[in-house]
Amino acid sequence: MLQLQALRQNTQAVKDRLAIKNFKNIEWIDEIIAMDDERKRLQLDSDTAQSKINAASKEIGQLMAKGQREEAETKKQEVVSYKSLLQPIAEKLEQVEKELNDKLVLLPNLPAAIVPAGKTPADNVVVREGGNKPSLSKDAVPHWDLIKKYDIVDFETGAKITGSGFALYKGQGAKLQRALSHYFLDFNTAAGYTEYLPPLMVNEATAYGTGQLPDKEGQMYYMPEDNFYMIPTSEVPVTNIYRDEIVKEESLPIKMTAFSSCFRREAGSFGKDVRGLNRVHQFDKVEIVQLVHPDKSYDTLDEMVQHVEKLLNSLELPYRILRLCGGDMSFASAITYDFEVFSAAQEKWLEVSSVSNFETFQTNRMKIRFKDSDGKTKLVHSLNGSSLALPRIMACLLENNQEADKINLPAALHPYFGAAFIS
RNA sequence: GGAGAGAUGGCAGAGCGGUUUAAUGCGGCGGUCUUGAAAACCGUUGACCCAAAAGGUCCGGGGGUUCGAAUCCCUCUCUCUCCGCCA
């Protein structure tokens with residue numbers, strides 16, 4: 001959620017920035033400011049009325065103590081009249097506050113200055129590429145054939161058990177998932193991240209905190225009996241660990257990592273790029289999250305990008321890093337770098353990580369703050385990134401390293417997988 | 001799932017209808033003393049709305065009763081104890 005103060009102080013800049021994000025209702029900014037003006041007026045009126053009521057009530061107490069019942073009764077009538085004045089003001093105030101908040105909550109985060117303008121993924125900017133694309137033999141096949149050949153992922157049985165888009169990992173496939181998640185977690189904790197294993201369902205307040213609600217409930221699986229949502233990423237529970245807390249400045253940065261399964265309905269995204277492991281409803285991912293001092297968040301962003309890059313290098317996969325354009329960024333993000341690996345047999349770039357700085361957008365919703373050296377309470381900045389999403393990494397490992405009768409694995413995984421290849 | 005108890009400031013814990021603008025203790029911060037530290041003593045110590053002052057809001061969340069609610073009522077959530085079920 002954007003800060004009202006910023007809207008008021010930098011009105012034109014906010015409008016310009018929102019335009020880069022292709023936000024359609026720019027006129028909302030002026031409407032919100034007008035509502036806030038009204039809110040302030042009503043607040044003042046309400047406070048004044050309440051103040052009179054409080055003072056009179058106190059007098060009644062004193063009169064009663066002295067046994068002056070009649071005077072007390074007169075005062076009571078006075079308070080009743082104050083209250084009838086207050087009531088319509090209070091109702092109006094509540095209504096204005098609600099309307100204001102409903103609109104404010106639907107404003108996306110402002111893109112950072114270096115975010116390129118643009119509407120579609122075609123407008124994203126390639127920052128750099130790394131690793132080497134393999135030269136596959138003419139017999140090379142995509143991963144959906146390889147998983148059958150080695151019998152390591154079974155989508156048919158997954159569909160039988162649950163539905164389309166639910167993978168059943170088996171044998172070496174299941175073990176590779178385990179190896180990847182352990183390797184990723186070890187890699188992250190070695191860099192100072194504290195490991196968490198969070199709940200996979202969250203309540204409304206948590207889903208609201210990171211920006212999933214109110215706008216994206218259609219993307220999450222929902223349990224109506226308990227009013228819980230299945231998490232689309234562990235970013236949601238992990239970032240909310242510090243919701244409603246004022247942390248000590250010296251405890252920053254707070255670095256957290258978590259493995260979790262992720263659940264996404266992927267409503268409306270079917271038809272393209274959904275084969276095999278490219279897009280599924282349930283997948284595993286290791287996430288990194290940081291809560292940092294506002295002055296440091298862009299340094300942290302670079303640090304996290306480098307961290308993920310190092311991890312991809314250790315997996316010996318060809319990758320590229322994209323700076324997303326305004327139109328392709330998520331609702332809550334101020335800047336996002338996407339990491340894609342090249343899946344050689346399907347000749348496609350697959351997104352395996354997305355590293356973002358949310359600045360105060362999430363922490364303003366969650367009220368995660370710290371006290372600075374002047375004793376002022378300020379919002380921290382939140383960032384997160386995948387390190388990494390497992391299925392697409394697996395697809396890429398399978399395709400890029402395939403030989404006639406085996407699939408080689410990068411050296412980093414050997415101790416975790418217990419072998420150098422899948423056969 | 002059943003029965004009972006509870007939720008108060010960073011923590012502990014009193015208050016159970018009107019000097020609570022929330023006692024007291026611990027912790028934190030500042031000071032006195034000390035070569036320094038500890039102890040002792042003194043002072044100070046939350047968040048939110050408002051440009052600020054004044055004022056207002058906040059005792060788990062929401063609603064109600066009342067001139068007045070931390071205190072009474074309803075409801076929801078969570079915690080604890082016992083019983084039941086269960087990996």
Side-chain angles (χ1 to χ4, degrees), chain A residues 1-11 32-102 104-105 197-209 213 223-229 237 240-252 254 261 360 363-380:
Chain A
M1 180 162 56
L2 295 178
Q3 293 175 268
L4 251 176
Q5 209 185 3
L7 258 64
R8 302 191 71 107
Q9 285 171 358
N10 309 306
T11 311
I32 286 170
I33 291 172
M35 282 189 271
D36 192 43
D37 289 338
E38 193 183 0
R39 196 200 100 247
K40 285 182 188 177
R41 277 197 303 274
L42 291 164
Q43 181 81 56
L44 192 66
D45 292 348
S46 158
D47 283 0
T48 309
Q50 188 64 55
S51 173
K52 285 181 185 171
I53 293 171
N54 290 347
S57 294
K58 195 163 265 179
E59 283 180 49
I60 293 170
Q62 284 160 0
L63 292 170
M64 298 283 269
K66 286 187 231 157
Q68 297 172 278
R69 296 198 65 90
E70 266 177 44
E71 289 86 339
E73 285 305 320
T74 314
K75 262 298 186 229
K76 279 190 193 181
Q77 290 315 306
E78 202 178 301
V79 174
V80 170
S81 73
Y82 288 147
K83 281 188 84 174
S84 66
L85 283 175
L86 173 63
Q87 197 192 3
I89 297 170
E91 278 169 11
K92 183 72 180 161
L93 177 61
E94 196 179 341
Q95 183 201 335
V96 169
E97 272 177 341
K98 187 181 180 313
E99 284 171 5
L100 170 78
N101 195 258
D102 285 353
L104 188 60
V105 136
L197 186 63
L200 302 180
M201 294 184 214
V202 295
N203 59 30
E204 235 176 303
T206 299
Y208 169 82
L213 294 180
M223 316 280 153
E225 288 220 301
D226 301 286
N227 200 18
F228 292 155
Y229 295 86
N240 272 276
I241 291 170
Y242 287 92
R243 172 155 48 89
D244 293 323
E245 289 193 24
I246 299 175
V247 301
K248 290 211 158 61
E249 184 172 9
E250 56 269 26
S251 69
L252 301 175
I254 294 169
S261 292
T360 59
T363 54
N364 189 29
R365 291 178 163 222
M366 286 184 277
K367 298 287 171 269
I368 306 180
R369 293 157 294 171
F370 73 103
K371 252 194 217 310
D372 73 5
S373 42
D374 300 331
K376 281 241 178 200
T377 308
K378 286 185 179 160
L379 294 168
V380 306

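Labels below follow one simple rule: chain letters A, B, ... track the order of the sequence lines, proteins then strands, and each chain is numbered from 1. Quick note: numbers below take in every heavy atom, side chains included, and nothing from hydrogens, waters or symmetry partners.
As rounded to the nearest Å, B:A69 and B:G56 have P atoms that lie 14 Å from one another. Rounded to a whole angstrom, the distance from the P atom of B:A23 to that of B:C11 is 16 Å. Taking atom P in both B:C80 and B:C73, one finds a spacing of 25 Å when rounded to whole Å. Separation of the C1' atoms belonging to B:G4 and B:C41 is 47 Å when rounded to the nearest angstrom. Between the P atoms of B:C16 and B:U66, the separation comes to 23 Å (whole Å).
Of the candidate nucleotides B:U21, B:C48, B:A54, B:C48 has the atom lying nearest to any side-chain atom of A:T377. Relative to the side chain of A:R369, the nucleotides B:U57, B:G46, B:C48 differ in distance, and B:C48 lies closest. The side chain of A:Q50 sits closest to B:U57 out of B:U57, B:A47, B:A51. Ranking B:A47, B:C49, B:G68 by closeness to the A:Q43 side chain, first place goes to B:C49. The listed nucleotides are B:C67, B:U21, B:G56; the one nearest the side chain of A:V80 is B:C67. When distances are taken from the side chain of A:S51 to each of B:C50, B:G56, B:A47, the shortest belongs to B:G56. Side chain of A:D47, nearest nucleotide from B:G68, B:G55, B:C48: B:G55.
A:K371 comes within 4.0 angstrom of the backbone, heavy atoms only, and of no base.
Looking at A:Q95 and A:E91, their side chains never bring a donor and an acceptor atom within 3.5 Å of each other. With 3.5 Å as the limit, one finds a donor-acceptor pair spanning the side chains of A:T206 and A:N203.
The pairing partner recorded for B:C50 is none, the criterion being a Watson-Crick or G-U wobble arrangement whose two distances lie under 3.5 angstrom. Pairing of B:C41, defined by two Watson-Crick or G-U wobble distances under 3.5 Å, is identified with B:G31.
Between A:K248 atom NZ and B:U45 atom P there is a gap of 18 Å when expressed in whole angstrom units. For the pair A:E97 CD and B:G56 P, the interatomic distance rounds to 17 Å; values are reported in whole Å.
Ionic pairing of A:K75 and A:E78 is present here: one or more N-O contacts between side-chain nitrogen and carboxylate oxygen are shorter than 4.0 angstrom.
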